Amino acid sequence: MAAAPLYLGLDSSTQGVKATVVDGATAAVVHRAAVNYDADLPHFRTRGGMHASGPQGAVVTSPTGMWLEALDLLFARLAGDEASGTSTSGAPFRLRDVAAVSGSGQQHGSVYWRTGAARMLRELDPAVPLGNQLADAFARRDSPIWADSSTGAECAALEAACGGAAALSAATGSRAYERFTGNQIAKIAARERASCFDRCERISLVSSFMCSLLLGAYAPVDTSDGSGTNLNHLTAPGPAGDGTAWFAPALAACSGGAGGDALAAKLGAAGMVPAHTTLGGLCNYFVYRYGMSPACRVVAWSGDNPCSLAGLGLQQAGDVAVSMGTSDTMFTMMANATPGADGHVLRNPVDPASFMGMLCFKNGSLAREDVSNRLCGGDWGKFAQLLGERAPGNAGAVGFYYTSPEITPTTGAQGGVQRYDAADTPVDAFDDPAAEVRAVLEGKFLAMRLFGEGIGMETASVRRIIATGGASNNPAILQVLADVFGVPVLTLAQSDSASLGAAFRALHGHACEQAGAFVPFPEALPAGALAYTEAARPAEGACAVYGKMLPRFRRLQEAYVKSLLG
Ligand code: ADP
Ligand code: XUL
């Protein structure tokens, strides 16, 4: 009997690159592999996969060459596991059985291919590692990434050129954000016009960059990750459907004076594609070097948050996901796009007719870890115990923990920590360590509620929350989340929702290609693909306590953010 087709999902994230192989018949995870940049590629000298520089560490990049080496190392590990007959599930697998591959990239990052690089991509030599043969393929050695917050001036200019923040948000799904690719490009186009921008024939996102390596040709940007650029038109019709066109005024504003057409040519003059699009076959490099099938199809890559939406199985409005990793994100499926002043609306990666609402908080696990390290010696069990010592509402104690400059709400280039007692008086420390532990969580989840409402996600319409990311292993943290929103919190047995979602999207894209028409995502997924477990149920009355607290929380947040913005 022929083996069931396998689907490969890759995730090029901030700290490493991961692979998830799923069985197409059951959607069960057959194998996983991972590469960690800091540990596995120490010669790039990154911390958390990043290089930070400038005042407050606001300029943040990753070496593009590191991503090349990491992809080879990941495939070498997969091929080695195949050869030794080992896998994380115990079931042997063959890379040759992978019918389609797709991927997930950290959002917003950008790669600058130099003139002539298309040919280098087309002629990739399977005998030479990617890092060696593409060493000269870039107009810039380092890629700005999502953690960068150095483009405040470019954001102001973009909003001014597009008729203000509200107009930009209505068109692209978000007002101008420092990390969004358009503003990153604008900075480089203006300051490095001759040394980089004019020498560059193509600008890729991290997602379309990695996809280009698999294709051996420049891959288009997909509409979901494209919604994180400030350069897209969220709803206008484009060559490949609604939401696939660039937004001309934004292109012109971010081109450093070179003109919107010049920038469109570098981004892909044909516009974007829906994320379920199959772009072509896998290039020979991966066939000959790692034993992949020459028949393997490449489905467009997307951003990590859109891929997580697919991996967590969000299927109807009111399904909300909360991911608590390096950054915290909250996202939800939405029937309509109602972009607001803060937060983002993206295209849905598995349904070209709907949208994805998203909030991104920069201070996620590192802020919680800071509290845990200071007060609990880094013991999450102790953290949970302290959390249980105080009731929802924290007897009025409120804190804001922006250990690095925050994105939601935007604190500009400044970060800081501010605590208030029940009388709204700023205090240096709470009397009770348990208050600090509760405040760092309640503050985050209240911000999710507050900003969620700003993009049309009414708390009353939330049905359930699916939690993922490192901190979702902590049931006590999930209890606070359930209490703030008043709904059950579920977790999924499978981890790594972004690479899992990329594997599911490979399966989905392949199903659409084979059917010659769009197949609804839930129909493409094998039954039972997603097994949820209820991890927390809201305590009686807790949600109402938080509802009452929200106006005060908003007021204190506004006051503190105003002081940071100066
Ligand atoms: P990434 O964004 O890099 O994928 P992860 O989702 O793997 O990050 O999350 C890593 C974080 O999870 C760590 O920084 C750690 O603080 C946090 N974490 C791990 N276990 C726990 C726990 N039991 N309670 C709270 N936080 C945890
Ligand atoms: C989303 C964001 C981060 C990155 C890295 O807008 O900036 O979540 O995608 O994970």
Side-chain angles (χ1 to χ4, degrees), residues 11-18 34 36-39 46-50 60 62 104-110 144-149 173-174 177-181 183-184 205-207 224-230 301-309 311 321-331 342-346 356-373 376 378-387 403 406-408 410 437 440-441 444 451 467-481 491 495-500 535:
D11 173 27
S12 180
S13 80
T14 314
Q15 306 206 32
V17 56
K18 296 175 186 162
N36 178 279
Y37 303 135
D38 296 0
T46 54
R47 274 186 66 187
M50 308 178 250
V60 185
S62 292
S104 152
Q106 53 168 306
Q107 296 198 253
H108 319 297
S110 45
I145 65 161
W146 67 274
D148 184 284
S149 53
S174 302
Y177 278 86
E178 277 105 329
R179 70 192 189 288
F180 273 43
T181 327
N183 305 300
Q184 297 292 333
L205 302 188
V206 177
S207 55
S224 302
D225 211 12
S227 315
T229 60
N230 274 152
W301 284 45
S302 189
D304 55 352
N305 295 297
C307 287
S308 283
L309 179 139
V322 168
S323 166
M324 291 174 284
T326 311
S327 61
D328 283 348
T329 52
M330 180 176 87
F331 43 85
D342 285 290
H344 318 291
V345 179
L346 290 71
M356 166 176 175
M358 181 173 86
L359 302 172
C360 179
F361 303 86
K362 191 169 180 186
N363 291 288
S365 280
L366 301 183
R368 285 183 290 273
E369 263 172 40
D370 179 55
V371 172
S372 167
N373 290 341
C376 314
D379 175 355
W380 290 116
K382 175 92 194 298
F383 188 91
Q385 185 206 321
L386 287 180
L387 198 54
T403 45
E406 183 49 71
I407 292 169
T408 313
T410 303
V437 168
V440 73
L441 295 174
K444 172 54 57 65
F451 289 106
T468 182
S472 69
N473 293 310
N474 193 326
I477 293 180
L478 301 185
Q479 184 61 50
V480 182
L481 180 60
T491 53
S495 56
D496 296 329
S497 54
S499 63
L500 179 68

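First listed ligand is number 1; within each ligand, the first listed atom is number 1. Sequential numbering from 1 along the given sequence is applied to the chain's residues. Model, not experiment: these values are computed from the prediction.
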So, do Phe180 and Thr229 sit near enough that their side-chain heavy atoms are less than 4.5 Å apart?
-> no
Atom 2 (C) of ligand 2: closest protein heavy atom, distance to 0.1 Å, is Cys360 SG, 3.4 Å
Structural part of Asn305 in contact with ligand 2, heavy atom criterion under 4.0 angstrom = side chain
May I ask you to check whether Asn473 has an N/O atom sitting below 3.5 Å from an N/O atom of ligand 1?
-> no
Checking heavy atoms under 4.0 Å, the part of Met358 that sits near ligand 2 is side chain
Give a yes/no on ligand 1: does Ile477 have at least one heavy atom closer than 4.0 angstrom to it?
-> yes
Protein contact of atom 7 (O) of ligand 2 - nearest heavy atom, named by residue and atom, plus distance | Arg179 NE, 2.8 Å
OG (Ser499) and CG (Asp304) are apart, to the nearest 0.5 Å, by 11.0 Å
Which residue and heavy atom of the protein sit nearest atom 9 (O) of ligand 2, plus the separation | Asp304 OD1, 2.7 Å
Does Ser62 use its side chain to pair, donor to acceptor, with the backbone of Gly49 at less than 3.5 Å?
-> yes
Consider every N or O of Gly469 and every N or O of ligand 1, then say whether any pair is closer than 3.5 Å.
-> no
Would you say Gln107 and ligand 2 have an N/O pair spaced under 3.5 Å apart?
-> yes
Among non-hydrogen protein atoms, atom 6 (O) of ligand 2 lies closest to His108 NE2, 2.6 Å
Are Lys18 and Asp496 ion-paired here, with the side-chain N under 4.0 Å from a carboxylate O?
-> yes
What about Ser327: any of its N or O atoms under 3.5 Å from an N or O on ligand 1?
-> no
Compute the centroid of each ring, for His344 and then for Phe331, and state whether the two points are separated by less than 6.0 Å.
-> no
Are Asn183 and Glu178 side-chain neighbours, meaning at least one heavy-atom pair lies under 4.5 Å?
-> no
Under 3.5 Å donor-acceptor, Ser323 side chain and Gly469 backbone | no
